[in-house]
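Before any comments, here is the structure.
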Amino acid sequence: MQTPYNPKDIEKKWQDHWKEQETFLVKEDAQKEKFYGLVEFPYPSGAGLHVGHPRSCTAMDIICRKRRMEGYNVLFPIGFDAFGLPTENYAIKTGRPPAEVTKENIANFTRQLQLLGFSFDWSRAVDTTDTQYYKWTQWIFLQLFERGLAYKKNKPINWCLSCKIGLANEEIVDGKCERCGGEVEKRDKEQWMLAITKYADSLLEGLHEVDYITRAKVQQEHWIGRKEGVVFTHAVKDSDITLETFSAYPAWLYADTFIVMAPEHPDVEILVAGGAHEQEVKKFIQEQRAISDTERREMVEKSGVFTGRVAIDPLSGKEMPVWLANFALMDFGTGIIRCSAHDSRDVVFAQKYDIPLKEVVDRKDANESVDAHNNVGILKDSGLFSGKEITPELIQEMSAWFVEQGFAKRHVSYRLHDWVFSRQRYWGEPIPLIHCADCGWVPVPEDQLPVELPHVEKYEPTDTGESPLAAMSDWVNTTCPTCAGPAKRETDTMPNWAGSSWYFLRYCDPNNNNEFASKESLNYWTPVDWYNGGMEHTVLHLLYSRFWHQFLFDIDLVPTKEPYKKRTSHGMILAKGGEKMSKSKGNVVNPDDIIHEFGADTLRTYTMFIGPFDQVAEWDTNGLIGVKRFLDRVWQLQEKISDSAPENPEARNVLHKTIKKVSEDIESMSFNTAVAKMMELSHTFQKLEAIPQAYFEKFILLLSPFAPHVAEELWQNVGHSNTITHEPWPTHNEKYLQEEEQTIAIQVNGKLRATITVSTNSSEEDITMAAKTDTHILPWLEGKTIKKVIYVPGKLVSIVTI
RNA sequence: GCCGCGGUGGUGGAAUGGUAGACACGAGGGACUUAAAAUCCCUUGAAGGAAACUUCGUGCGGGUUCGACUCCCGCCCGCGGCACCA
């Protein structure tokens with residue numbers, strides 16, 4: 001009688017074994033093909049691991065363990081994205097240094113992740129707050145700076161009136177300060193920007209060569225928002241000013257009758273200066289400025305004010321009144337719009353202020369909307385293009401003609417904006433620049449990197465909205481690296497996204513003191529073969545890290561243009577009832593408790609069994625019971641192993657089907673059905689008097705990526721002394737997938753009426769004959785003429801009668 | 001409003017043109033036990049029927065097909081993202 005399955009002892013034993021034997025440590029090996037599997041590194045919060053972490057980590061752990069068994073040299077690293085607001089806010093509240101808190105949190109996360117038995121190469125763990133790590137984050141920033149991709153610009157920041165601090169966008173909930181619920185307004189401040197828009201087209205093109213889930217590609221495309229169009233230049237009557245408008249729908253340009261400008265457009269002031277409408281316009285601009293972003297977003301009412309000016313339409317020579325409108329956005333296109341009867345928003349505005357409109361297509365009926373975005377209809381009153389049907393070709397033709405005639409120039413507009421890279425915060429990488437009155441912004445010399453975060457007394461941002469570093473005059477005041485004159489350090493820090501934009505490169509060579517990673521290590525390991533992470537990161541993190549990587553590629557520091565070959569995403573795990581897990585709701589599931597009660601193997605396998613991997617799943621502790629029973633059953637099977645066990649064709653066939661199914665399902669991340677199939681196999685084996693050892697071993701190999709600890713123990717119990725980690729992955733034999741008998745469904749007129757069991761060798765004639773003469777089928781054919789018989793090999797016979 | 005994903009038993013889900021409900025939870029019944037737990041076995045979409053079996057059934061309405069959860073057209077609902085984008 002075997003001892004009962006005791007996960008606690010087994011899991012500890014094998015985790016120690018892997019650590020001592022350095023089972024998962026890897027080195028470059030030119031003889032072996034590499035595989036780089038990556039999971040998003042966690043933010044080590046004080047709350048500890050969430051059950052969502054085991055879900056994504058187990059999935060990639062399974063893939064990496066399978067790859068090792070397939071003979072690949074597998075890099076599967078982990079680290080911590082440890083700069084961030086929650087730790088800083090905790091520091092403000094308690095006065096404890098963030099570095100100290102971070103250290104504790106990382107230790108706790110490490111302990112928890114190790115309890116789950118992931119096959120990470122822990123020797124490569126990185127921590128973005130480690131000076132030896134952020135030295136290189138700063139270094140990469142300087143490369144961007146030196147090539148003109150980092151620049152300073154006056155930008156509004158979010159300012160909480162009651163906390164008197166600058167807030168990140170993420171800290172604003174429903175337009176209010178997340179911390180105190182107070183009002184938030186915009187304040188202008190000089191901010192460091194990264195020119196990601198220079199990479200907009202490259203980032204768009206790169207999407208064609210990578211294998212990302214469609215959602216990720218579509219969302220990135222949408223975020224970049226590339227739109228081709230034309231820019232018209234309009235003379236303003238009795239003025240030297242010209243107005244440039246952007247149009248993405250050139251088919252409707254003949255319909256335009258008025259122009260609107262964004263209230264914040266810099267030319268507005270000159271345009272109205274001294275005019276009869278100046279006071280009204282100024283009042284409108286002030287009103288608009290007072291409205292917060294959130295209110296503005298919710299505002300449906302269109303409003304505006306006439307500037308008193310008239311622009312000339314280059315197409316017709318006619319006059320177009322120029323208005324300011326609350327819906328014109330300064331940061332899209334040129335901030336000035338030609339408006340027409342073919343845009344519902346323009347129509348609402350025109351009707352409100354009695355501005356004349358003109359349609360350039362005939363409506364079939366009065367209710368039909370002829371919206372600019374539809375691009376359908378036959379043009380009228382459109383000069384040369386009257387009578388032509390709007391098609392993509394015509395739009396091209398029109399754009400070309402406008403350009404040719406000198407009315408317009410081509411222009412591409414993007415939704416994507418340059419990346420605001422400054423934070424007025426303590427807990428981030430200091431921006432390694434020094435400002436000198438004579439030399440301007442000067443980079444900190446490479447041999448002085450990293451610029452370390454100094455120790456401060458208070459972590460709150462200052463009254464002026466600057467980072468607490470600004471109060472450290474000893475640190476701020478320095479000398480200019482160029483002229484040695486007095487100079488000041490930049491006190492802004494980098495955003496959270498900085499450290500995570502290149503961490504996967506550091507994993508290749510984490511202890512390198514001379515480079516962010518050696519060329520050899522990057523050539524061997526990159527690109528990442530498979531990257532799994534959360535849906536919430538498919539836009540920003542992915543875009544930012546692709547941008548940095550493409551930049552590093554352009555300056556010849558990484559070997560590929562794209563960092564990730566393949567990107568998948570896991571669904572979130574929600575609490576029972578479909579709510580997000582949160583401390584305040586008290587519905588958080590702590591992995592420690594689950595491991596204590598059921599074991600890590602059960603937790604791992606359950607998170608894979610819970611539902612389709614890419615969809616949200618509701619946590620259900622009852623579901624763990626079924627998985628625990630399964631592993632118990634597998635454990636019991638070892639008692640039935642026998643050298644003298646006879647071959648059992650039926651069990652063997654089920655085994656080979658399981659090998660095929662599990663192998664394929666891991667590749668498609670259909671982990672839930674892989675587990676289900678192994679459960680079936682365990683039932684099949686359980687019914688046997690004796691199990692041939694060879695069958696059992698193959699089963700254990702299949703199970704090992706899911707439940708590695710129990711698999712190692714069983715592997716040892718059946719007589720092996722080596723770890724199961726590098727045993728070859730089982731392959732199925734096609735001939736064992738063939739049953740000797742098959743069940744054929746018989747349909748009459750599309751309805752299932754019977755099933756018959758026939759030998760696999762039976763001919764089509766035999767089977768259709770058997771179908772037609774089956775006792776259950778005969779009554780359905782009585783008095784009918786058979787029109788057609790469809791035979792699907794191995795599946796069914798469908799009889800159609802008249 | 002636009003984009004993406006989803007809607008199947010009491011519950012989580014399986015099946016991407018071929019026997020709807022695999023696998024699991026829960027529930028009911030049984031075996032073992034002095035008893036309980038654990039374990040094992042059976043039943044479990046609905047309705048009708050003694051049974052054989054029949055009818056209905058994958059959000060709603062149409063269509064294609066011998067055959068549709070699956071493909072096409074038109075809707076409804078839920079979740080996520082973007083949103084006055086010219």
Side-chain angles (χ1 to χ4, degrees), chain A residues 4 213-219 221-223 225 227 229 245-249 252 256 259-260 262 296-302 325-329 331-340 342-346 348-349 371-373 413-415 535-536 538-539 569 571-572 574 576 578 606 609-612 614-627 629-630 632-633 636 670 672-680 682-683 686-687 743-756 775-776 779 786-801:
Chain A
I213 43 160
T214 21
R215 271 189 288 180
K217 280 196 189 183
V218 167
Q219 281 190 20
E221 276 167 13
H222 188 92
W223 189 266
K227 253 192 190 158
T245 60
F246 174 69
S247 301
Y249 301 93
W252 308 102
D256 297 334
I259 283 175
V260 301
R296 191 166 176 172
R297 194 174 297 167
E298 281 161 6
M299 184 155 39
V300 267
E301 178 79 10
K302 308 277 175 279
N326 61 345
F327 61 82
L329 305 172
D331 55 10
F332 187 82
T334 58
I336 312 176
I337 319 170
R338 286 170 66 101
C339 296
S340 78
H342 295 292
D343 184 303
S344 54
R345 186 194 55 198
D346 298 350
V348 170
F349 187 82
D371 189 72
H373 303 209
S413 192
Y414 299 90
R415 207 193 79 91
M535 269 315 295
E536 67 275 20
T538 52
V539 178
S569 261
M572 256 197 310
L574 302 175
K576 204 151 169 69
Y606 171 65
F609 187 60
I610 193 167
D614 58 351
Q615 283 168 35
V616 293
E618 275 180 40
W619 182 265
D620 181 6
T621 303
N622 284 334
L624 283 155
I625 294 168
V627 174
R629 282 182 191 150
F630 162 60
D632 271 327
R633 198 157 55 230
Q636 294 304 324
S670 310
N672 53 335
T673 48
V675 174
K677 196 74 194 170
M678 288 192 285
M679 286 174 169
E680 263 184 71
S682 74
H683 283 126
Q686 193 174 37
K687 290 191 183 97
T743 306
I744 302 285
I746 306 167
Q747 295 182 350
V748 180
N749 293 329
K751 288 213 179 244
L752 179 75
R753 295 302 178 191
T755 57
I756 54 172
T775 50
H776 293 96
I786 296 176
K787 194 175 120 191
K788 197 169 161 190
V789 176
I790 295 144
Y791 171 65
V792 182
K795 291 271 164 77
L796 59 62
V797 175
S798 184
I799 301 166
V800 188
T801 66

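Chain letters run A, B, ... following the sequence lines, proteins first, then strands; residues in each count from 1.
For the OP1/OP2 pair of rG1(B) and a distance below 4.0 Å, the side-chain nitrogens and oxygens of Arg345(A) include no atom meeting the criterion. Distances shorter than 4.0 Å separate none of the side-chain N or O atoms of His776(A) from OP1 or OP2 on rU54(B). Note on Arg753(A): a side-chain N or O is less than 4.0 Å away from OP1 or OP2 of rU55(B). Under 4.0 angstrom from either OP1 or OP2 of rG4(B) there lies no side-chain N or O belonging to His222(A). Phosphate contact (OP1/OP2 of rG80(B), side-chain N/O of Arg215(A), threshold under 4.0 Å): absent. Residue Arg629(A) places none of its side-chain N or O atoms closer than 4.0 Å to OP1 or OP2 of rC40(B).
The separation of rA31(B) from rA38(B), taken at their C1' atoms, amounts to 14 Å, rounded to a whole angstrom. Between the C1' atoms of rG1(B) and rA83(B), the separation comes to 8 Å (whole Å). Between the C1' atoms of rU58(B) and rG45(B), the separation comes to 11 Å (whole Å). Comparing the C1' positions of rA35(B) and rU43(B) gives an interatomic distance of 26 Å, to the nearest angstrom. A gap of 14 Å separates the P atoms of rU70(B) and rA20(B), to the nearest Å. The separation of rG17(B) from rA27(B), taken at their P atoms, amounts to 38 Å, rounded to a whole angstrom. Between rG62(B) and rC40(B), the two P atoms lie 48 Å apart (nearest whole Å). Rounded to a whole angstrom, the distance from the C1' atom of rA50(B) to that of rC41(B) is 26 Å.
Across the protein-nucleic acid pair, Gln636(A) atom CD and rA38(B) atom P stand 15 Å apart, rounded to whole Å. When the C1' atom of rC23(B) is taken as reference, atom CD1 of Ile625(A) falls 16 Å away, rounded to whole Å. Between Gln747(A) atom CD and rU65(B) atom P there is a gap of 16 Å when expressed in whole angstrom units. Distance CD1 (Ile746(A)) to P (rC53(B)): 13 Å, rounded to an integer number of Å. As a whole-Å value, the separation of Met678(A) CE from rA24(B) C1' is 14 Å. Per the geometry, NZ belonging to Lys687(A) stands 7 Å off P belonging to rC41(B), to the nearest Å. Between the CG atom of Leu574(A) and the P atom of rG12(B) there is a distance of 13 Å, rounded to whole Å. Rounded to an integer number of Å, the gap from CD of Glu618(A) to C1' of rG7(B) is 14 Å.
Heavy atoms of Met679(A) sit under 4.0 angstrom from primed sugar atoms or phosphate atoms, though from no base atom. Nucleic acid contact class of Glu680(A) (heavy atoms, under 4.0 Å, all strands): sugar-phosphate only. At a threshold of 4.0 angstrom between heavy atoms, the contacts of Asp614(A) with the nucleic acid are absent. At the heavy-atom level, Glu536(A) lies nowhere under 4.0 Å from the strands shown. Nucleic acid contact class of Asp620(A) (heavy atoms, under 4.0 Å, all strands): none. Contacts of Thr743(A) with the nucleic acid, taken as non-hydrogen atoms under 4.0 Å apart, include base atoms. Within the 4.0 angstrom heavy-atom criterion, only backbone atoms of the sugar-phosphate kind lie near Ser247(A); the bases stay farther away. Among the heavy atoms of the strands lying under 4.0 Å from Val218(A) are primed sugar atoms or P, OP1, OP2 only; no base atom is included. At the heavy-atom level, Gly335(A) lies under 4.0 Å from base atoms of the strands shown. Among the heavy atoms of the strands, none lies under 4.0 Å from Ile336(A). At the heavy-atom level, Phe609(A) lies under 4.0 Å from base atoms of the strands shown.
Comparing Gly750(A) and Val539(A) by the nucleotide of RNA chain B that holds the closest heavy atom to each, the one mapping nearer the 5' end is Gly750(A). Nearer the 5' end of RNA chain B, as judged by each residue's closest nucleotide, is the contact made by His683(A), out of Ile790(A) and His683(A).
With its glycosidic angle more than 90° from 0, rG10(B) adopts the anti conformation.
With both pairing distances under 3.5 Å, rC53(B) is matched to rG48(B) as a Watson-Crick or G-U wobble pair. Partner assigned to rG9(B) is none, using Watson-Crick or G-U wobble distances below 3.5 angstrom. In this structure rG61(B) sits in a base pair with rC73(B), meeting the Watson-Crick or G-U test at under 3.5 Å. The base-pairing partner of rG17(B), taking Watson-Crick or G-U wobble contacts with both distances under 3.5 Å, does not exist among the strands shown. rU33(B) makes up no base pair with any nucleotide shown, lacking Watson-Crick or G-U wobble contacts both under 3.5 Å. Under the Watson-Crick or G-U wobble criterion, with both distances below 3.5 Å, rC2(B) is paired with rG81(B).
Comparing rC41(B), rU19(B), rC85(B) by their closest approach to the side chain of Gln686(A) singles out rC41(B). Set against rC23(B), rC66(B), rG18(B), the side chain of Val800(A) has rC66(B) as its closest nucleotide. Checking rG13(B), rA83(B), rC23(B) against the side-chain heavy atoms of Asn672(A) singles out rG13(B) as nearest. Side-chain proximity of Gln615(A) to the nucleotides rG6(B), rC85(B), rA20(B) is greatest for rG6(B). The side chain of Lys751(A) sits closest to rC56(B) out of rA22(B), rU19(B), rC56(B). The side chain of Lys302(A) lies closest to rC84(B) when the candidates are rA22(B), rC84(B), rA24(B).
Note that the OG atom of Ser569(A) and the CD atom of Gln615(A) stand 12.5 Å from one another [nearest 0.5 Å]. Rounded to the nearest 0.5 angstrom, Phe349(A) CZ and Lys302(A) NZ are separated by 10.0 Å. The CG atom of Asn749(A) lies 3.5 Å from the OG1 atom of Thr801(A); values are rounded to the nearest 0.5 Å. To the nearest 0.5 angstrom, Thr673(A) atom OG1 is 11.0 Å from Glu680(A) atom CD.
Closest of all the heavy-atom pairs between Ala248(A) and Phe246(A) is CB-CE2, 4.1 Å. For Thr245(A) against Thr334(A), the heavy-atom pair with the smallest separation is CA-OG1, 3.5 Å. Across all non-hydrogen atoms, the minimal contact from Ala325(A) to Val260(A) is CB-CB, 3.7 Å.
Although no hydrogens or angles enter the test, the distance criterion places a donor-acceptor pair under 3.5 Å between the side chain of Tyr606(A) and the main chain of Asp620(A). Side-chain atoms of Asp346(A) do not come within 3.5 Å of backbone N or O of Asp256(A) as any donor-acceptor pair.
With contacts defined as side-chain heavy-atom distances shorter than 4.5 Å, the pair Gln219(A)/Met535(A) qualifies.
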